[in-house]
Amino acid sequence: MAKKKTIRTIPQERTPMAEQPAEERKRNFSEVACGYTLERAQREAERCLLCPDQPCVRGCPVSIDIPNFIQKITEKNYHGAYDVITNTNLLAAVCGRVCPQETQCEGVCTVGDSLEPVAIGRLERFIGDLAIAEGWSNIPYIEPNRLRIGVVGSGPAGMACAADMAKAGCDVTVYEAFHEAGGVLKYGIPEFRLPNAVVDAEIGKLIKLGIKFECNTLVGRLFTIEQMITEMGYDAVFIGTGAGYPSFMGIPGESLNGVLSANELLTRCNLMHASDFPKHDTPLQLGRRVAVIGAGNTAMDAMRVSLRLGAEQVHCIYRRTKAEAPARAEEIHHAEQEGIEFHWLTSPVELLDDGKRGVRGMRCLRMELGEPDDSGRRRPVPVKGSEFEFECETVVYAIGTNANPILGQTSKLKLNKRGYIDTDENLATSIMGVFAGGDIVTGAATVIEAMGAGRKAARSMKRYLGLRDTDVVYRPERTDSENTLFGIDLGERNYARLHEVRL
Amino acid sequence: MRPSEGISESNPGYEIVARQDFSDTTFLLEFRHPMMARAAKAGQFVIVMSNELGERIPLTIADFDRGRGTITLVIQAVGKTTREMQQDCRVGSRLHAVVGPMGIPSHIGTSKKVICVGGGLGVAPIYPQARAHKASGAYVIGVLGFRNKALMFWEDKFRACCDELIVCTDDGSAGIKGLVTAGIAQALEKHADIDEVVAIGPPVMMKGCAAATRERGIKTVVSLNPVMVDGTGMCGGCRVKVGEDVLFACVDGPDFDGHQVDFDDLMYRLKRYVPSEQVALQRWQESCAIRSDAAVGKA
């Protein structure tokens, strides 16, 4: 038995992850963070105290058994670690990259009370990437139950719900309006943060689970939610369409050419490959100087994409301070490293015409922080007489989104005041058998929160359909003698453990 | 339907079942999509991506045939994408991606006497509207504008669903000489009880139609076709000024009150990507020239 670890015996420093140098990476679309090597993953896994309290599991929206998978890494049982993660999360390579761990698992890590917390996200990514490289896919034996599930939207909420329902034995079809599946993971999050190949690999696993993906399908218009239940024979439907309708401020000059939403910029670049124009037909004309309004994760992505597309200067315009910025600290840090110029406490009041219907700049006001508002953040108030002009040729809006209206226009689904789908605490909508989750219910949130909602909806759906919690049994994969412990095959052990967990 | 690239290939695209060339630049494509043909209504559009490297372009549905399970598009070859489609799309070939029907269907059934105006590339998409108004029991006057007689198409289809048809040509080679606004004026002169005018065509034409009816306060509906990417309300590229509001043509339209639309703004916004479009077109034409030189060389 290994000696019990204490805060003094574990490696004190968090194991760094290799990154492309800022000067180099800001002109290419390759991934910024290169991932852990085997050695580094081992070292970082040693930092987990395996504390009995396990705050990290509670901090995870999908309750991954984090200490268990980390322990498997220390035992060099990487496939075992993968099994633990996939018990609750099929998209390890995605979540390891894009979850805001600092406010979730890592934010409550016991080690973090005195040292830097265990790099749980990096370890999850390490396992996810290894699984893709090794072709592990953990296809459980599933007994079909003849129930049919329709999922609207192939983003993180839809994928998570689809995976759980497929594992329960249902026949699942996922509908996507774009020509490629993946939702925000494809069109939104840029290649240098989450390569499309990783998303495709994860979707490939879902296809192996028997899930069908139907692209080019705009639900609501090609057929309605009601038709899915009444005519198409779906026993239950999950709606995870995301939010999406981008906001503008309503200041003069917003219709000038050269003004666009972050969604448009990111979709043109990430999904339509505008970075590879004219080989790909979709263009994206950016000026020499790009100003992005907003300081959330989407704004950071838009800025860093602009830089990689060749913009000489990229500016972030935000009316509050860095402390209130909604983006992850790591994203702001990366953006700063790459030379993005931040203009805190600055609010645009007008976009200026260059005389040819393009943008020549923006007029801004300096702000100062006043009393806290409803969100608890201090409200920015304009400083009198502080107007100034700022030169730029492209203005990108990344100030949030409103509810997409299509399902409201085409179904009797009850919506709330803000136009999002109204659900009860079990994510059931006003239509029997129809559930909803993710941004279309809550407004813009994170990938993992959407996945959590998808899984929660799947639980409700199973109750609604009268499905008992299904017994997922992974087929033992390795039977060679090296992988035995006290004569018990590790694959067998794996088999037994899952039985134990599930029964 | 086509799942994500490189994943599973259950459907290789949407098969083209008919093609007809109306002129050097205008051609018709009919593709098979029974589900879309069942769902489509007058006034809606589709987004087409003709090949894997292509752009997503919005095209208003020109016809749908529920019996045959097909959707018809009429396309004008003006830029790189549409010229490439003119060259590559053949009966039996496939469109990489088509999504639709999109947009709010036109409001049909309340107007008793309607003028349906189509000019240039708007002639085809006004057809389902004329047919739907006729089917709802309205008296339908069609006004079609072409540059000259040689460019005319679908006169028989319009005659079959219009109570009156006024053809306008720039040079007078068919029908009356003049723009569609001359046709509208003629119809308005004859009928004092027009409830609605529906106009589809280039923005400048729709602007003229809206101006022609503004004084008499006749309800005028126009169908807008700005630059789009997704067509589902997600990118906001298609935003248009309508009265005091900024609306997205893809999910709030594509039909809007012609008297409220800021057409000048629309025309400027349609030019957003002109520099890139020129680069793409030039590069494509060069590559075509190289290919045809090579073909000549071989021969």
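In what follows, every chain begins at residue 1, and chains take the letters A, B, ... in the order their sequences are listed. The figures here come from the full heavy-atom set of this structure, side chains too, leaving out hydrogens, waters and symmetry mates.
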Say you draw a straight line from CG of A:Leu222 to CE of B:Met35; how long is it, rounded to the nearest 0.5 Å? 5.5 Å
Okay, B:Val274 and chain A: the region with an atom under 4.5 Å from a heavy atom over there is backbone
Heavy-atom proximity to chain B below 4.5 Å, by part of A:Ile406: side chain
Select, from A:Tyr245, A:Tyr397, A:Phe248, the one with the greatest count of heavy-atom pairs under 4.5 Å involving chain B. A:Tyr245
With only heavy atoms counted, which part of B:Lys241 is less than 4.5 Å from chain A, the side chain, the backbone, both or neither? side chain
For each of A:Gln227, A:His280, A:Lys356, A:Arg221, tally heavy-atom pairs with chain B at distances under 4.5 Å, and name the one with the top tally. A:Arg221
Atom of B:Val99, atom of A:Ala177 and distance for their closest heavy-atom approach: CG2-O, 3.6 Å
Residue part contacting chain B, namely of A:Pro405, when any heavy atom lies under 4.5 Å: side chain
Proximity breakdown for B:Val251 and chain A, heavy-atom pairs closer than 4.5 Å: both
Working to the nearest 0.5 angstrom, can you tell me the gap between A:Lys279 NZ and B:Arg283 CZ? 9.5 Å
Between CZ of A:Phe277 and CD of B:Glu55, what distance do you get to the nearest 0.5 Å? 8.0 Å
A:His179 and B:His96 aromatic ring geometry - parallel, tilted or perpendicular at 30°/60° bounds: perpendicular
Separation between CD of A:Glu180 and CD of B:Glu52, rounded to the nearest 0.5 Å: 9.0 Å
Checked A:Asn196, A:Asn402, A:Val174, A:Val259 vs chain B; the most non-hydrogen pairs under 4.5 Å come from A:Val259
Using 4.0 Å as the upper bound for N to carboxylate O, is an ion pair formed by B:Asp265 and A:Arg357? yes
Per-residue contacts, residues 75-91 of chain B versus chain A, heavy atoms under 4.5 Å: B:Lys80, B:Thr81, B:Glu84
Do the side chains of A:Phe178 and B:Arg56 get nearer than 4.5 Å, heavy atoms only? yes
When only pairs under 4.5 Å are counted, which of B:Ile47, B:Val246, B:Ile57, B:Asp252 shares the most heavy-atom pairs with chain A? B:Asp252
Under 4.5 Å from a heavy atom of chain A, the part of B:Ile104 involved: both
Does B:Lys41, at its NZ atom, have more than 12 non-hydrogen atoms belonging to other residues, nucleotides or ligands within less than 6.0 Å? no
If the contact rule is any heavy atom under 4.5 Å from chain A, which residues of residues 232-240 of chain B qualify, in numerical order? B:Thr232, B:Gly233, B:Met234, B:Cys235, B:Gly236, B:Gly237, B:Arg239
NE2-CG distance between B:His33 and A:Asn216, expressed to the nearest 0.5 angstrom: 7.5 Å
Output for pair (A:Asn404 CG, B:Phe248 CZ), nearest 0.5 Å, gives 10.0 Å
Given a strict heavy-atom distance threshold of 4.5 Å, which part of A:Leu256 is in contact with chain B: side chain, backbone, both, or neither? backbone
Please classify the contact between A:Thr267 and chain B as side chain, backbone, both or neither, with a heavy-atom cut-off of under 4.5 Å. side chain
Can you check whether B:Ser276's main-chain N or O pairs, donor with acceptor, with A:Gln285's side chain at less than 3.5 Å? yes
Minimum heavy-atom distance between A:Met272 and B:Gly54, given as atom pair plus value: CE-O, 3.6 Å
